[in-house]
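Everything numeric here is computed off the predicted structure, so don't read it as measured data. Reminder, nothing fancy here: chain letters follow the sequence lines and each chain counts from 1.
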Amino acid sequence: MEKLEHKLSQEIKKAFVELFGNELDEAQIQLQKTRKEFIGDLTLVTFPFLKITRKSPEESAKLIGEFLEKNCDIVNSFNVVKGFLNIEATPSYWIDFLNSTHQTDRFGFAEPNSKERVMVEYSSPNTNKPLHLGHLRNNFLGNSVARILKANGHEVIKVQIINDRGIHICKSMLAWQKFGENTTPESEELKGDKFVGNYYVRFDKEYKKEIASLIESGVEEEEAKKKAPILLEAQEMLRKWEAGDEEITSLWKTMNNWVYSGFESTYQTMGVDFDKLYYESDTYLIGKDKVLKHIETESFYKKEDGSIWINLEADKLDNKLLLRSDGTSVYMTQDIGTAIIREEEFHCKNYYYVVGNEQDYHFNVLALVLQKMGFDWANGIEHLSYGMVDLPSGKMKSREGTVVDADDLMLEMRNTAQEISEDLGKLEGMDAADKDGLFWKIGLGALKYFILKVDPKKRMMFDPKESVDFNGNTGPFIQYTYARIQSILRKSDSDLKEVKLDIKLLDKEDINVIKQLYNFPEAINDSALQKSPALIANYVYELVKIFNHFYQNTPPIVKEKDDNIKNMRLFICNKTSEVIANSMSLLGISVPERM
RNA sequence: GGCUCCGUAGUUCAACUGGAUAGAAUAACAGAUUUCGGCUCUGUUGGUUGAGGGUUCGAAUCCUUCCGGAGUCACCA
């Protein structure tokens, strides 16, 4: 099936030779989609060509339009509005297109593994507290981008690095030692991550208490923050950990495992997974060796105290520490090491890091340092920087208790879905387990769609009230449309493999739906290039709106007497529902047969 | 303070990356269908795209100066 854009470009090229004696470069021809208020499918803007045509915009457009109408059999008609040439394809082109989707249920997807291997890193939490709303955006984005890249033909490896060591986990460990009284997640009937998170909070409470009493006894605030005994103890614990102290190591393992099992259950609810996990405790020493190897290279230097730096002033960045004076690694060093390990293991074309935009600077530096080390593949490093999630009350702050917990939020969405569904009472005869699964589908669909429809780069507002709305541009609205189509298909029970498609049967409403189906491959491609699930969300919403319009303005299909028309419409319904389901699955959202 | 990013209907978001009269949703109001699922469809109201200047056939988009907001500038991660 030759793309409309491609075919028309070639014809336009011919038109320029014929009409104006000019050989155009195909890249110069930019066809855009015709806006809804005009008749046509694709539009050629003539302004850039006026120097070649030496005629007015209107006249140029008219000449080209006439040429196309005469010489190109897929052009049905054209019209000119102020120098914009709107071109309409023939109904038979759309029929041919629809026919071409007959064979496959993977319409729009590129051949698997036809493109380069890429890696997507996302999630990458600290192990001292539970996941929250910010992590949800991260995980939904990362998982969706991975699916989209895969759909676009890439081999995709999903990874995360778990920040399992450092002062933060020591704080939780210390608080548990002091106040835990040998309780466990099991004994308290708490998820492991929540359990450990409580001790992190407990640490902070004690720490503040100590600071306050130090200040009261006359110590300066800055000094008090550094000298609080419980903090010193935590730092001592970190030193012991790094020295391999047995008791500390064993406690560390126990507490991390509690956290992992908690995370695992959260990931399962979210519906995300990974092909490979990296642990900071495994990789944090590796970057050090790599850095030391390059100490002689330009830009790298050593200070008198033994610390190692890189000078990036030539690239308009500043000097960056890579190894501390005591020889230990910093965050940057670990990321350098991890990046190198990944390259050695997987040789990817691109390494995508789904990390919040507060780390823009960090990733600029990371890519640059690796390039200075002479790694060509570092050019493939790309930071998929996304904006923070704000609440109506403002920014989330863990210390002020305004953090929205991931598990709580997902459960709340599920429960809201239940309330609404039960009010509508469409679920008679469904057993309890199926109902439960359905409520999760709807609740999570609402949440994921709400977050993913926004351009990742932009900061977004999360209003819990609005997110559970099931009307308008929402996940459940799209799911509902899917379920309704399934209901039609169940009732009619035709064999769609034998459907004969004929131009004479086509109505305007049918064509509108077909045209939007036609846009699906492009939507996948665009969202893959931009790494933006929002483009898929916008696409499928538009499809659903067009379909609902079709549905409203078409006589009941199930009762249609003309079998040819009936089967054609059913075929369109079926294709639409398939594209809805596939679009939603790219967002990590599943669609229900009933709801 | 230096650097980076962002300011679009009351609100939440779009705008095919420089194209036409800046579109949806939501809220409010008015209507349609009421026998394929009313979680549907159609309409009305709502904008000096933060402000000024510039670039050009053409600017929400590019350049520039202000105003407002966020992030970042750690021997934290």
query: Can you tell me if the side-chain N/O atoms of A/Arg459 get under 4.0 Å from OP1 or OP2 in B/C6?
result: no

field: Assigned glycosidic conformation for B/U4 [threshold 90° from 0]
entry: anti

message: Strictly below 4.0 Å, N to O, side chains only: are A/Asp193 and A/Lys129 in salt-bridge contact?
response: no

Separation of atom OH in A/Tyr331 from atom P in B/A74, rounded to whole Å: 16 Å

- line: note: A/Phe78, atom CZ; B/A20, atom P; distance rounded to Å ~ 22 Å

query: Is the aromatic ring of A/Phe47 within stacking range of B/G19, meaning centres under 5.5 angstrom and planes under 30 degrees?
result: yes

message: Using the side-chain contact (heavy atoms from CB on, under 4.5 Å) definition, which of the options A/Thr34, A/Val45, A/Thr46 pairs with A/Phe84?
response: A/Val45

message: Can you see if the side chain of A/Lys545 gets near the phosphate of B/C41 - specifically, an N or O under 4.0 Å from OP1 or OP2?
response: no

OP1 or OP2 of B/A74 under 4.0 Å from side-chain N/O of A/Lys320: no

- request: Take atom CG of A/Asp318 and atom C1' of B/C3, then tell me their distance rounded to the nearest Å.
  value: 9 Å

query: When all nucleic acid strands are considered with a 4.0 Å heavy-atom cut-off, which category describes A/Ala483: base, sugar-phosphate, or nothing?
result: base

task: Please evaluate the base of B/U72 for a donor-acceptor partner in the side chain of A/Glu358 within a cut-off of under 3.5 Å?
output: no

- prompt: Once you round it to whole Å, what is the distance between C1' of B/U8 and CG of A/Asp455?
  reply: 14 Å

- prompt: With sugar-phosphate meaning primed atoms plus P, OP1 and OP2, does A/Ser492 contact a base, only sugar-phosphate, or nothing at under 4.0 Å between heavy atoms?
  reply: nothing

query: Heavy atoms under 4.0 Å, any strand shown: does A/Lys36 hit a base, just sugar-phosphate, or nothing?
result: nothing

query: Below 4.0 angstrom from OP1 or OP2 of B/C75, is there any side-chain N or O of A/Ser325?
result: no

task: Using the P atom as the reference point in each nucleotide, state the distance between B/C3 and B/U26 in Å, no decimals.
output: 44 Å

- request: State plainly whether the residues A/Asp562 and A/Lys566 are in salt-bridge range, i.e. N to O under 4.0 Å.
  value: no

- prompt: Can you find a donor-acceptor N/O pair under 3.5 angstrom joining the side chain of A/Gln530 to the base of B/U17?
  reply: yes

message: Does this structure show an ion pair linking A/Glu59 with A/Lys62, if we count only N-O contacts that are shorter than 4.0 Å?
response: no

Gap between atoms CD and C1', on A/Glu37 and B/U21 respectively (whole Å): 7 Å

- request: Please measure how far the P atom in B/U8 lies from the corresponding atom in B/A14, and state the result in whole Å.
  value: 11 Å

- prompt: How close or far is atom P of B/U12 from atom CZ of A/Phe462, stated in whole angstroms?
  reply: 14 Å

Separation of the P atoms in B/U64 and B/C73, to the nearest angstrom: 25 Å

message: Is there a side-chain contact between A/Asn473 and the phosphate of B/A24, meaning an N or O under 4.0 Å from OP1 or OP2?
response: no

- prompt: Choosing from B/C36, B/C76, B/C16, which nucleotide comes nearest the side chain of A/Lys33?
  reply: B/C16

message: Does A/Thr43 contact B/A20 through a side-chain donor or acceptor facing the base, at a distance under 3.5 Å?
response: yes

message: Can you tell me which nucleotide in B/C39, B/C75, B/A77 comes closest to the side chain of A/Met595?
response: B/C39

query: Quantified in whole Å, what is the C1' atom distance between nucleotide B/G43 and nucleotide B/C67?
result: 39 Å

query: What integer number of Å spans the C1' atoms of B/G23 and B/A15?
result: 7 Å

- request: Answer yes when A/Lys435 and A/Glu422 have at least one side-chain N-carboxylate O distance shorter than 4.0 Å, and no when they do not.
  value: no

field: Interatomic distance at C1', B/C16 relative to B/C29, whole Å
entry: 34 Å

field: A/Glu236 with A/Arg239: basic N within carboxylate O range, under 4.0 Å
entry: yes

query: Over how many whole Å does the gap from A/Tyr449 atom OH to B/U26 atom P extend?
result: 12 Å

- request: Write down the distance separating the P atoms in B/G1 and B/U65, rounded off to the nearest Å.
  value: 15 Å

query: Can A/Tyr551 be said to stack with the base of B/U40, given centres closer than 5.5 angstrom and planes under 30 degrees apart?
result: no

- prompt: Quick one: do A/Arg569 and A/Asp510 make a salt bridge, cutoff under 4.0 Å?
  reply: yes

- prompt: So which nucleotide from B/A14, B/C41, B/C36 ends up closest to the side chain of A/Val454?
  reply: B/A14

task: May I have the distance from A/His168 (atom NE2) to B/A74 (atom P), rounded to whole angstrom?
output: 20 Å

message: Categorize A/Asn519 for me: base, sugar-phosphate, or nothing, with a 4.0 angstrom heavy-atom threshold over every strand shown.
response: nothing

message: Does a side-chain N or O of A/Arg490 approach OP1 or OP2 of B/G37 to a distance below 4.0 Å, or not?
response: no

field: Nearest-neighbour nucleotide for the A/Ser487 side chain, B/C36, B/A77, B/U40 considered
entry: B/C36

- prompt: Any Lys/Arg nitrogen of A/Lys3 or A/Glu522 sitting under 4.0 Å from an Asp/Glu carboxylate oxygen of the other?
  reply: no

message: So, OP1 or OP2 of B/U21: does either fall under 4.0 Å of a side-chain N or O from A/Lys82?
response: yes

field: Short side-chain N/O contact from A/Asn553 to OP1 or OP2 of B/U42, under 4.0 Å
entry: no

- prompt: Which nucleotide in the set B/C39, B/A77, B/U40 lies at the smallest distance from any side-chain heavy atom of A/Asn126?
  reply: B/A77

query: By centroid distance (under 5.5 Å) and plane angle (under 30°), are A/Tyr480 and B/C39 in a stacked arrangement?
result: yes

message: Taking the P atom in each of B/G50 and B/U12, what is the distance between them to the nearest angstrom?
response: 14 Å

message: For B/A20, is there a stacking contact with A/Phe84, counting only centres under 5.5 Å and planes under 30°?
response: yes

